[in-house]
Structures are given as structure tokens and as C-alpha cells.
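First comes the structure, then the notes that go with it.
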Amino acid sequence: MKKILLSLFTLFSLHAAAEDGHQLWLRYQPVHQANVSCELQSPTIDIVRQELQTYYKGRDITLRLDASMPDDDGFRFDGTTLTAHHEAGLLYGAYALLRGENKESHPVFPLRLLNHWDNLDGSIERGYAGESIFEWFHLNEQLIRDYARANASLGINGSVLNNVNASPNMLTTPYLKEVKKIADLLRPYHIKVFLSINFATPMALKATKTADPLDKSVARWWKKKAKEIYKLIPDFGGFLVKANSEGQPGPGDFGRTHADGANMLADAVKPYGGIIMWRCFVYGANHKGEDRVKQAVSEFKPLDGLFRDNVILQTKNGPLDFQPREPYSPIFDQIKQTPNMVELQITQEYLGQSRHLVYLAPMWKEFFSFVPARQLKGIAGVANIGKDRNWCGHHFSQANWYAFGRLAWNPDLSSEAIAKEWIQQTFTPDARFVKMVTKMMQESREACVNYMMPLGLHHIFKFDHHYGPEPDGFIASYPLEWCPVYYHKASKDSIGFDRSHTGTDATSQYRPEMARLYDDLKTCPENLLLWFHRVPWTYRMKDGSTLWESLQYHYNKGVLWTEGTQNLWHNKLRHYVDEQRWREVDDRLLHQVENAREWRDVCLGYFRQFAESGK
């Protein structure tokens, strides 16, 4: 009987402790001991007061605005008084206090945005966590408030609600009224709403005969539409534009430049304080025969200085497309007179999606080691959020949302410190668990590179869905630059893409010291070797091994890491974590092991036919 009762108690305890991950890192326990005083009143102040009164472990705290503080979203806490220039600073300061911070802090980037690639039908392009949380005409208001709270806790201050491959219907009045509802829900959390637009919207909606940005009827339509939007949403942030890229319409369709298109839109939103974020992700027909990674600089450098002052160029961190490892985009070296912002991808399109544990902060820190954060106007992250109860599909994918927000506030934070913060808030502050899981997270991105694309290999994924290996991928009807064989060019004697001065000369787009580093085979970092150089299979690496031996070593090392990590989680970490999240992570890690082995076996099997053909 005792055994039965004990079993029932154990079963009940496990069920009671079951966690679906919906709380994210916001697992504060109510203490109801803080006395919060403030002479101000607003919806934002109400949120700050409620959060601190419920969860803050201190006693008395005063909220105060001080115009002498820097005019940004920062805050200062002296032990009893939380001070900020703006209400937003009080909001961010409150969440910092709940996180355990008690110092003055100011954001590096004025713009800290999430880009949602959500479609009007509820699907999400490159989304791996269910359908969109923005359910048009059936909005779940509490879910959106939960979303807003999570973002505010990180200092994220803007949200682009829809896919850059935008539907013209997004700007019709019924949808704009829905956007207003979302904006009203996000406003108390100081999150501005932005929209992605289809450049040819007025023509697609049959309001104009053309979308030529120099046509007066087109300019009038956009000014009228901007007036309608700002009447509904006075603090609307502006537009994000993907134009003349991957089939999307743009000013190039009418013989005009990106500057012509951006400036026409900028003039429409300028009277209301709006901005235009114009993406530099362009490649295709206008650059026939040109190395894809060179095309953005070729297209935008001649236009530098020709954009309105409320236009910002938004560029992906690398010159290709969110690969597991890329060099930084040379746009950041070449564009000097136009504000820049960087676009990072939180959702792991090319890094195992929501099936792999891959912590992205080390990759983003790698980018900032080459591009000074303070030369950028803002930062955008392609969101990994969906309607799955745990928001992100994989419990550890939540760490990438968290890390993006923390680096968007302060890119000087270390990836290790951010990982520890997230682990302590999401799972447990137990020192042993934190140490083991921090190490696991810190190593995960390099492990992913090893079992997918080591030594500078890139874009050898399966077509379209970008999950799994296909190094032999070639479809004659596809553009060559979509085919994996274009990027590794493996033959019986060599492998790699020559982007040095003897090849496509992509190295020349970088600032002089980096151009010299990448261009010289002897100084090029080995982790980018095959990105910039074409080398024999017998090429000697710095450790004395041949290139072929080194490739085999890295692929096997990546697989060994996944096996060791799954073993650690399964056998050593179970008692630290609730049953539901432990099991769901364990299942994901088992799949990651299988997928890493597939990557290794397929890639080495394919390359072996070339590397060992002379034996």
C-alpha cells in the first residue's frame, strides 16, 4: 500500500511540475512586499507598478522621470529610486530589477526590432513554431499582451508584423484596423508597430496604373495611405521594404533606383516621424554572372548618400543568407553616408530550425567583433515566435529570442553571461546545472558548423525548406546561385569558391586590412577557407593535416558533440528539470543526433568521390 501511495505521489508531483514553456524566462514568484510610489499616471506606469509590487523583493521604491538623463530608453537605480528620461526607461528598468540588475544602463541601438515573416493566412515563412500569433480578425489579446511583456522585459521596442514578401492586402483598410488593435495592445509596453509592404501595392490594388516611384499618382497614393495609417496609429513606426529581390516588385521594374523608391516612401511618412527600412538583400537578373555575395555592394554603393534622412538600409549579417558561418557583409564597410542597421535571423532557417539546439549568441558576437555596433542605427531579428505553447518550437530556441533582445540593448554583453542569465531564469539557478548547460549552449553553434558546413563550406542544404544536406543539389531550371554545387564546386582535384583577386574578387569589397586577410590563402582564417579560396584536397592545414582529413575530422567532431550532449541531458540533467520540458528537449536532442549523423554521412560520402578519386 505504501508503494502504491508513493507511486501516486510521485506521479502527482511530476504532473504538478509539468511545464509547457509558455512562461519563457518570466518565472517570477509573487512576493507582494514592494511599496512603489510614483506621481505619474499612465498605462505604462501601471504596468511598472504592478510588476514591481507583485515580484520585486525590495521594500520601498520610487519611480521618477529626470529630463537631465540621456534622452534615450535608459534607466538608473540607486537602491531606492528608479529614474529615467522617458517612461520606457522605467519599464525597462523594472524588468532589469526583476532580473537582478541594479545599475545604470542605456541601450546602444535606438531601434531594437523583431521582424515577423508572418503571412495573412496565418502561416509563417521560415517559421517552425506553429502559426502566427497575429490572428487577423480573431486576435487573441492576452497572447499579444504576453508577447509584448516578454519583449519589453528585453528592451525590444518595435515589431514588424508581417512577412517581407508582403501581400498588397496588408495595406487595405480592414487589415489596417486590425493593425490598430495590435498597436493599442503593444503601446503600453512601448513597442511600435511597423509593416512590411509590397512595393507595387497601389498597382496591385488597381488604384494606380503603375508603381513607378517617380509617377505623381503613385506618390500621391502613398501619401494618402500614410495619412490613413497615422490617423489610426499616430505612433506607427514606418515601413520595411524588400524590393527587386527574389521576385518581389521594386523600383527597378520601372527603370528607377532603390534610392528613388525609398525616397518616395520616405517623403510619405516623413511628416509623421516615420522611417523606411530598405533591405539590401538583393541578387538576381540584374547581376547575371556576378558572384551572388558581391551583388548587394554593387547595387547599393553607388547610391550611398542619395537616400532621404529617414531611410535606413537593413542588411543581413553576412553577404549570402544566414548561413551557419559567413564572413560579415561588406556593405558595412562600404556604406558611409546612409544609416545602416543589421538584420539577424533568430529563427534557425539554416541551423537546424526548431529541431536542433543551437545557441546563436556566439554567432552574433562574432559579427560584432568585425562590425562596431555603435556605427549602426538599429538591429532587427527575424523572429522565431509562433503559436506553439512554448512559443519557439524548441525550449532552447527561446534562448535565441532572449539573447537577441539582450544584445540589442547591449552588444558588449558576452554570450556566456547571457546564457547564464537565461538558464537561471528559465530552468534553475543551481550552479552545477548552470555550468553544464552554459558550456553546452556555448559550444552548440560551432558544433552545428562542424556537422553541417565546416571550413567555409556553405549553402549545401536541400532545396526550398533548407533542412538536411544535399551537396549534390542541382536543378537545371533553377538559377545556378540557388544550387549547392555552385557554392562548393567540388572536383577531383579541388574544392571551394575562389573569391580572391584570382577569382570573383569579392575580397576587394572589404576594408583594406580585411581584404588583405581574406585574399591571402596563407592568412585567411581556416574557418572561412572554402568561402574565399579554392584549394586542393591535399592542401596542408595549419595542424599538418590535409584538407580532406580536416573535413572528416570536423564532421565527426560535430557528431560526437551531439551524441555527448544528448547523453549529458538524458543521464545527468533530468532531475534538475520538470518532466515535460526534460522529455521534450530529450526528444529534440535524439533527433539532432540522427540529423547530424545524416549530415556527416551524406556530405563525406559525396565529397569522398572527389577527394579519393586519385587513390
Side-chain angles (χ1 to χ4, degrees), residues 117 125-126 164 242 244-246 279-301 313-335 340 342-353 358 360 363-364 366-367 370-371 380 382 445 448-449 452-467 469-471 473-474 478-489 495-500 503-510 514-515 518 524-525 527-534:
W117 287 359
E125 185 170 343
R126 309 308 180 190
V164 289
K242 176 180 179 179
N244 291 127
S245 174
E246 297 184 325
R279 295 176 88 234
C280 294
F281 181 61
V282 295
Y283 66 92
N286 294 336
H287 302 267
K288 192 166 184 177
E290 184 180 25
D291 183 355
R292 176 172 162 179
V293 306
K294 295 183 66 178
Q295 294 176 24
V297 169
S298 295
E299 202 149 326
F300 282 91
K301 185 177 180 181
L313 297 183
Q314 180 170 308
T315 305
K316 295 183 180 185
N317 56 289
L320 187 55
D321 191 12
F322 297 134
Q323 299 298 289
R325 169 165 282 121
E326 297 187 46
Y328 70 95
S329 173
I331 277 273
F332 298 106
D333 286 343
Q334 297 295 336
I335 301 298
N340 283 291
V342 63
E343 178 179 314
L344 308 175
Q345 193 187 61
I346 307 171
T347 196
Q348 299 161 231
E349 177 183 354
Y350 294 99
L351 291 103
Q353 301 173 8
V358 182
L360 300 181
M363 178 170 71
W364 300 333
E366 191 173 283
F367 168 78
F370 294 103
V371 178
V382 180
R445 184 270 182 137
C448 178
V449 171
M452 286 187 179
M453 280 165 280
L455 303 182
L457 285 172
H458 50 289
H459 222 313
I460 56 176
F461 297 90
K462 291 183 178 178
F463 286 102
D464 300 329
H465 56 70
H466 297 158
Y467 190 83
E470 196 168 42
F474 175 77
Y478 275 38
L480 186 58
E481 57 200 3
W482 290 6
C483 299
V485 295
Y486 169 77
Y487 293 99
H488 62 69
K489 303 183 187 300
I495 183 175
F497 200 121
D498 185 2
R499 294 191 169 101
S500 73
T504 69
D505 201 27
T507 53
S508 68
Q509 292 187 337
Y510 289 90
M514 298 308 299
Y518 292 145
C524 182
N527 62 13
L528 291 173
L529 181 66
L530 302 180
W531 181 286
F532 286 112
H533 294 277
R534 182 164 180 77

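All values below come from the heavy atoms of this structure, side chains included, with hydrogens, waters and symmetry mates left out.
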> Is there a side chain to side chain contact (heavy atoms under 4.5 Å, CB included) between Phe474 and Leu480 once you walk through the steps?
Replying inline: CA-CA 8 Å; Phe474 175 77; Leu480 186 58; 3.9 Å; yes

> How far apart are the C-alpha atoms of Glu481 and His287, what are their side-chain angles, what is the distance that settles it, and do they pass the side chain to side chain contact (heavy atoms under 4.5 Å, CB included) test?
Replying inline: CA-CA 11 Å; Glu481 57 200 3; His287 302 267; over 6 Å; no

> Please walk me through it: do Gln348 and Tyr467 pass side chain to side chain contact (heavy atoms under 4.5 Å, CB included)?
Replying inline: CA-CA 10 Å; Gln348 299 161 231; Tyr467 190 83; over 6 Å; no

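Under the side-chain contact (heavy atoms from CB on, under 4.5 Å) criterion, Ser500 pairs with Asp498, Thr502, Asp519, His533, sequence neighbours left out. Take Asp291 and apply the side-chain contact (heavy atoms from CB on, under 4.5 Å) test, not counting sequence neighbours, and it matches Val293, Lys294, Tyr486, Phe497, Arg499, Thr504, Ala506. Applying the ring-ring contact (aromatic ring centres under 6.0 Å, His included) criterion to Tyr510, with sequence neighbours excluded, gives Tyr328, Tyr518.
Across every non-hydrogen atom of Pro469 and Pro471, the tightest pair is C-CD, 3.7 Å. Annotation for Cys280 and Ala296: closest pair O-CB, 3.4 Å, computed over non-hydrogen atoms. Taking both residues in full, the closest heavy atoms of Pro330 and Val297 are given as CG-CG2, 3.8 Å, listed atom of the first, atom of the second, then distance.
Between Trp117 and Thr347 there is no side-chain heavy-atom pair separated by less than 4.5 Å. Side-chain contact between Tyr283 and Glu290 is absent, with no heavy atoms from C-beta onward closer than 4.5 Å. For the pair Phe461 and Gln323, the minimum side-chain heavy-atom distance is below 4.5 Å. For the pair Asp333 and Gln509, the minimum side-chain heavy-atom distance is 4.5 Å or more. Residues Gln334 and Phe300 form no side-chain contact, since every pair of their non-hydrogen atoms from C-beta on lies 4.5 Å or further apart. At least one side-chain heavy atom of Ile460 sits less than 4.5 Å from a side-chain heavy atom of His488. Using a 4.5 Å cut-off on side-chain heavy atoms (C-beta onward), Ile335 and Leu313 make contact. Counting only heavy atoms from C-beta outward, the side chains of Phe332 and Val342 approach each other to under 4.5 Å.
Considering CE of Met452 and NE2 of His458, their distance stands at 15.5 Å, rounded to 0.5 Å. Here the CG atom belonging to Asn317 is positioned 6.0 Å from the CZ atom belonging to Phe322, to the nearest 0.5 angstrom. Note that CD1 of Ile495 is 8.0 Å distant from CZ of Arg534, once rounded to the nearest 0.5 Å. To the nearest 0.5 Å, the span separating CD1 on Ile331 from CD on Gln314 amounts to 12.0 Å. To the nearest 0.5 angstrom, Cys524 atom SG is 6.0 Å from Phe532 atom CZ. Note: Glu349 CD to His465 NE2 = 11.5 Å, rounded to the nearest 0.5 Å.
Centroid-to-centroid, the aromatic rings of His466 and His459 come within less than 6.0 Å.
In this structure, Glu326 contributes its side chain and Asp321 its backbone to a donor-acceptor pair below 3.5 Å. Judged by distance alone, the side chain of Arg292 and the main-chain N or O of Pro319 form no donor-acceptor pair under 3.5 Å. Looking only at distances, no side-chain donor or acceptor of Glu343 sits under 3.5 Å from a matching main-chain atom of Val382. The closest donor-acceptor contact from the side chain of Ser508 to the backbone of Asp505 lies under 3.5 Å.
Checked for salt-bridge contact, Arg325 and Glu366 meet the test: a charged N lies under 4.0 Å from a carboxylate O.
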